[in-house]
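Working notes for the structure below.
Quick note on labels: first sequence line is chain A, next is B, and so on, each numbered from 1.
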Amino acid sequence: MNLFRHIAGEITRALQDMAAAGELPAGLDLSAVTAEPPRDPAHGDIATNAAMVLAKPARRKPREIAEALVGRLRQVAGVTAADIAGPGFINLRLSDDFWRARLAEILQAGAAYGDSDLGKGTPVNVEYVSANPTGPLHVAHARGAVVGDALANLLAKTGYGVTKEYYINDAGAQVDTLGRSTYLRYQEALGLQIGDIPEGLYPGEYLKDVGRKLAERDGPKWLNQPEEIWLPAVRDFAIDELMESIRDDLDAMGVHMDVFTSERALVQSGAVEAAFKALSDAGLIYQGRLEPPKGQKPDDWEDREQTLFRSTQFGDDVDRPLKKSDGSWTYFANDIANHHDKFRRGFAEMIDVWGADHGGYVKRMQAAVKAITGGKGALDVKLCQLVRVLKGGELVRMSKRAGSFVTLRDLLDEVGADVVRFTMLTRKNDAPFDFDLVKATEQSRDNQVWYVQYAHARTRSVMRQAAAAGFEGLDAAVLVAARHERLVDAGELSLIKLLAQWPRQVEAAAQAHEPHRIAFYLYELASQFHAHWNRGKEDGSLRFVVEADRELTLARIALVQAVGFVIQSGLGIFGVPPAEEMR
RNA sequence: GCGCCCGUAGCUCAGGGGAUCAGAGCAACCGCCUUCUAAGCGGUAGGUCGCAGGUUCGAAUCCUGCCGGGCGCGCCA
């Protein structure tokens with residue numbers, strides 16, 4: 001149970017009782033009332049702002065409301081103290097037994113502790129990576145992949161019906177360029193001299209493989225043919241090859257998409273026309289002219305009338321073109337169809353994870369979603385800032401395979417998927433990130449992955465030690481039944497309190513769409529666990545396994561197991577398997 | 001020129017989204033190893049939360065302006 005929500009419910013009920021008793025006006029809006037841990041634990045276990053928030057609408061002084069409320073809150077089960085602080089805050093203290101009762105919940109739930117039905121099954125579509133199939137995935141994609149995947153897992157854990165989706169940008173001019181670039185490598189594979197890769201084509205060596213495979217499959221049949229003959233076949237072949245390698249890379253990182261949507265297929269199905277018609281019918285399409293951007297006018301700017309979408313009606317800065325000068329759809333038009341299609345598939349809630357270089361695109365896409373869904377759909381966009389790869393402080397630039405960037409595969413080879421996944425989440429998505437390959441694998445406290453894994457390994461170590469000391473069959477039932485009231489040490493109790501915050505942390509992170517919060521919580525939990533461990537070194541009576549006191553040992557093992565479960569629960573969101581030992 | 005993001009301790013970053021003293025790690029200094037991994041733990045020192053206003057009983061948190069850095073700005077995706 002999310003005990004903060006539980007207490008918030010109790011506070012709400014007390015306020016309603018007060019209203020019924022005439023101590024407060026009826027019909028007050030209680031939605032701003034919170035129950036949360038105070039910043040300083042010395043203030044108590046839970047603080048509520050109820051009296052402060054209601055003072056104005058109730059036309060009463062905060063302290064008056066607080067005085068009345070405190071009396072009622074003292075009657076709530078588990079509450080041992082309710083005090084007024086400062087201008088009218090109420091600090092609650094809960095009994096140790098109330099806290100210890102969380103232990104049984106954790107032990108029964110195991111790694112599922114923190115799961116909730118917050119989302120009530122609401123479908124959510126999380127679109128991430130969505131890289132063009134024109135080259136291997138690189139570090140920026142890795143960040144998007146990790147953020148998107150963890151966010152999706154987080155939402156699934158909190159009861160949303162999550163679909164992980166990849167939108168394949170396989171319809172534009174870039175894939176034609178890919179086709180031409182591949183054709184060159186195909187010729188090369190058949191023994192022709194191709195010289196330098198011409199400007200405008202992709203020079204990456206990764207296309208050599210693709211060219212060679214094409215030569216193996218088709219032989220020389222495309223040689224000496226006009227481009228219009230070979231381009232479609234070569235392009236499609238290359239897209240398939242690159243998508244396969246992209247899927248392999250994602251697999252290697254533990255990212256598994258539910259749906260791959262092809263832009264090309266979408267266009268061919270007439271989805272763009274359908275979306276366009278919907279906007280048009282709503283009177284949101286017109287022919288007009290745009291001002292050139294100030295300060296930086298493109299040299300080839302040509303003032304002309306074009307087909308525009310009234311995105312300004314939905315908060316965008318200027319209206320946006322949906323057709324190129326040759327009459328074909330813009331990428332934006334296709335992406336409107338993409339989101340329209342998601343909405344029609346049942347997703348009113350959509351999340352896109354993009355690179356920061358697409359930041360200028362957010363407003364128009366959100367505008368489009370509002371327009372095309374009649375206001376029923378909502379799009380949240382998570383922008384991932386730049387990732388720089390360092391090695392011992394030195395910037396790493398070149399990749400063996402790709403030429404100008406570090407590939408995802410390089411990263412995985414260098415530090416492993418688990419480290420990539422966790423480390424990428426130790427920063428907010430909208431803060432730039434320096435990924436240091438040396439630090440990422442260092443075994444020290446400033447390496448958060450290692451530190452959290454070490455804590456989990458230590459929980460396992462305790463279990464092994466306990467078994468060696470004759471404690472066997474330590475299953476959930478035995479640990480749930482253990483005498484938890486024997487846990488009276490301050491370190492033990494504060495660990496329990498931190499564990500009890502987990503469900504709230506998960507829900508808060510899910511609602512904010514911020515998976516990085518999980519990493520910080522896990523780091524704090526690990527820190528407290530290591531600290532408590534060390535107390536046992538200094539004071540033998542605090543060690544987990546006390547052979548002379550079987551009852552106490554079982555209670556402490558229950559706590560250790562609970563710590564392990566919560567770490568597992570958290571790492572599960574990141575898709576990182578917990579370590580059994582660190583050797 | 002316009003839009004978005006960022007500006008918190010020497011360094012790298014948190015700060016649950018308004019209120020009860022500004023946090024962590026690293027680096028610096030001082031301590032703790034016969035016992036479950038010292039790959040660790042504890043302590044000291046260090047900040048007018050970019051600047052200036054505003055809203056409020058209360059602002060690192062919300063609003064406005066400015067300064068500094070990043071990203072982007074029809075017919076690329």
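- Within the 4.0 angstrom heavy-atom criterion, only backbone atoms of the sugar-phosphate kind lie near Arg458(A); the bases stay farther away.
- Nucleic acid contact class of Phe544(A) (heavy atoms, under 4.0 Å, all strands): base.
- The side-chain tip of Arg504(A) points at the ring of Phe4(A) from less than 6.0 angstrom away and within 45° of straight on.
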Produce the list of close N/O pairs, under 3.5 Å, pairing protein atoms with atoms of nucleotides 5-11 of chain B; give distances to one decimal.
| from | atom 1 | to | atom 2 | distance (Å) |
| --- | --- | --- | --- | --- |
| C5(B) | O2' | Asp430(A) | O | 3.3 |

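- Tyr454(A) and His530(A) have their aromatic ring centers within a separation under 6.0 angstrom.
- As rounded to whole Å, 17 Å separates atom P of G16(B) from atom CD of Glu507(A).
- With a 6.0 Å cutoff to the six-membered ring centre and a 45° limit on the axis angle, Arg143(A) does not count as a cation-pi contact of Phe433(A).
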### Query
Tell me, for nucleotides 19-31 of chain B in 5' to 3' order, what letter each nucleotide earns: B for a base near a protein heavy atom under 4.0 Å, S for only sugar-phosphate near one, - for neither?
BBB--SSS-----

Side chains of residues 379-387 of chain A: which donor-acceptor partners sit under 3.5 Å, not counting sequence neighbours?
| from | atom 1 | to | atom 2 | distance (Å) |
| --- | --- | --- | --- | --- |
| Asp380(A) | OD2 | His513(A) | ND1 | 2.7 |
| Lys382(A) | NZ | His513(A) | O | 3.1 |

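- Using a 4.0 Å heavy-atom distance criterion, Arg517(A) is classed as a sugar-phosphate-only contact.
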### Message
Could you spell out the base pairing of RNA chain B as a dot-bracket line? Use Watson-Crick and G-U wobble contacts where both distances are under 3.5 Å, [ ] for crossing pairs, | for partners on a different strand.
### Response
(((((((..((((.........)))).(((((.......))))).....(((((.......))))))))))))....

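- The side chain of Tyr451(A) lies closest to C41(B) when the candidates are C41(B), A39(B), U37(B).
- In this structure, Gln453(A) and Val576(A) have side chains that are in contact, with non-hydrogen atoms separated by less than 4.5 Å.
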#### Entry: Chi angles and distances behind the ring pair (Phe, Tyr, Trp, His ring centres under 6.0 Å) call for Tyr451(A), Tyr523(A)
CA-CA 7 Å; Tyr451(A) 191 69; Tyr523(A) 185 75; 5.0 Å; yes

Could you run down the sub-3.5 Å N/O contacts of the protein with nucleotides 75-77 of chain B?
| from | atom 1 | to | atom 2 | distance (Å) |
| --- | --- | --- | --- | --- |
| C75(B) | O2' | Ser325(A) | N | 3.3 |
| C75(B) | O2 | Ser325(A) | OG | 2.8 |
| C75(B) | N4 | Asp300(A) | O | 3.2 |
| C75(B) | N4 | Asp300(A) | OD2 | 3.4 |
| C76(B) | O2' | Gln174(A) | NE2 | 3.3 |
| A77(B) | OP1 | Lys324(A) | NZ | 2.8 |
| A77(B) | O4' | Gln174(A) | NE2 | 3.1 |
| A77(B) | O2' | Asn132(A) | OD1 | 2.4 |
| A77(B) | O2' | Asn132(A) | ND2 | 3.1 |
| A77(B) | N3 | His358(A) | NE2 | 3.3 |

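- The same atom, C1', is picked in A60(B) and in C51(B); the two are 14 Å apart, to the nearest Å.
- With P as the reference atom, G43(B) and A59(B) are 31 Å apart, rounded to whole Å.
- With salt bridges taken as basic N to acidic carboxylate O contacts below 4.0 Å, none links Glu64(A) and Lys61(A).
- In this structure, Glu442(A) reaches neither bases nor backbone, as no heavy-atom distance under 4.0 Å exists between it and the strands shown.
- When the shell of 6.0 Å around CZ of Arg59(A) is examined, it contains 12 or fewer heavy atoms from other residues, nucleotides or ligands.
- Expressed to the nearest 0.5 Å, how far CZ of Phe435(A) lies from CE of Met424(A) amounts to 5.5 Å.
- For Tyr167(A), the ring-ring contact (aromatic ring centres under 6.0 Å, His included) criterion is met by no residue, not counting sequence neighbours.
- Between Glu514(A) and Lys428(A), every side-chain heavy-atom pair lies at or beyond the 4.5 Å cut-off.
- No more than 12 heavy atoms of other residues, nucleotides or ligands lie within 6.0 Å of NZ in Lys439(A), so this atom counts as exposed by the packing criterion.
- Taking only side-chain atoms of Arg427(A), from C-beta outward, the nucleotide of U37(B), C13(B), G16(B) with the closest atom is C13(B).
- Comparing C41(B), A38(B), G15(B) by their closest approach to the side chain of His516(A) singles out G15(B).
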